[in-house]
Every structure is written in structure tokens, then in C-alpha cells.
Amino acid sequence: MSTGSNGQAAEAAGRKHTAGAYDVRTVIAGLIGFYGVVLVVLGIVDFSDADAAKTGGWNANLWVGLGMVVFALTFAVWTRLRPVVVEDDEAVEDPTGGADTAGR
């Protein structure tokens, strides 16, 4: 078993990982979830008769906030169930493993 440059390139090509925090769904879930929690807190704490008159009697901040939290949780679950798999930087830079393919 030799561990020359071709063995190292094959090993580097096999390394993959998930995008994790760099996945756009994580960012979307975080932002929408944060704003949803803010709206839920405002809906619970600051709902007056004047607000009820504006919205036809229903607590808009509370219900929209709950919808946003559910949406964010859906994105978070989606990110966990179907992660984006990316190749390691070494494998992307040199996919041929340094072999000269110009003559083929």
C-alpha cells in the first residue's frame, strides 16, 4: 500500500460535509424565527382595545408571530432532514488529483 499523491487525492475527493450554518435555510429560519418571537411577545404583552379595533378583533401580532415561528421551525426541520452536502475545498480545487489529462 503506497500513500503517494494519487492516494491522497482520492482520499481528499471522498471528504464531504454539510453546509451547516452556511446553509441559506438556516439563516432564513433564524431571522424569521427571531421576528416571529418578537411579534408573539408583543401580541401577548401589548394588545389594546385600539389594536383590536384596527384588526377587526383579532390579535394580528400574536397570530402572525405564531405563523412565522411555525414557518421557521419548518425550515429548521427541513435543514436537518435534507442537509446540503458540499465537497471539501481540496477536492474542488484539483478534481483530477494532479494528473495530466491534456494529452487525452
Under 3.5 Å, which donor-acceptor pairs link side chains of residues 56-72 to any protein atom two or more places apart or in another chain?
residue : atom : partner : partner atom : Å
W58     : NE1  : T55     : O            : 2.9
N59     : OD1  : L62     : N            : 3.4
N59     : ND2  : G43     : O            : 2.7

Treat each ILVMFWY residue as a node, draw an edge where side-chain heavy atoms are under 4.5 Å apart, and state whether [X] and [Y] are in one component.
X: V27; Y: V77; result: no
X: Y35; Y: L39; result: yes
X: I44; Y: V38; result: no
X: V24; Y: W78; result: yes

CZ of F75 to CG of L31: how many Å apart, nearest 0.5 Å? 11.5 Å

Taking atom CZ of R82 and atom CZ of R25, what is their separation to the nearest 0.5 Å? 8.5 Å

Could you check whether atom CZ of F47 has more than 12 heavy atoms from other residues, nucleotides or ligands sitting under 6.0 Å from it? yes

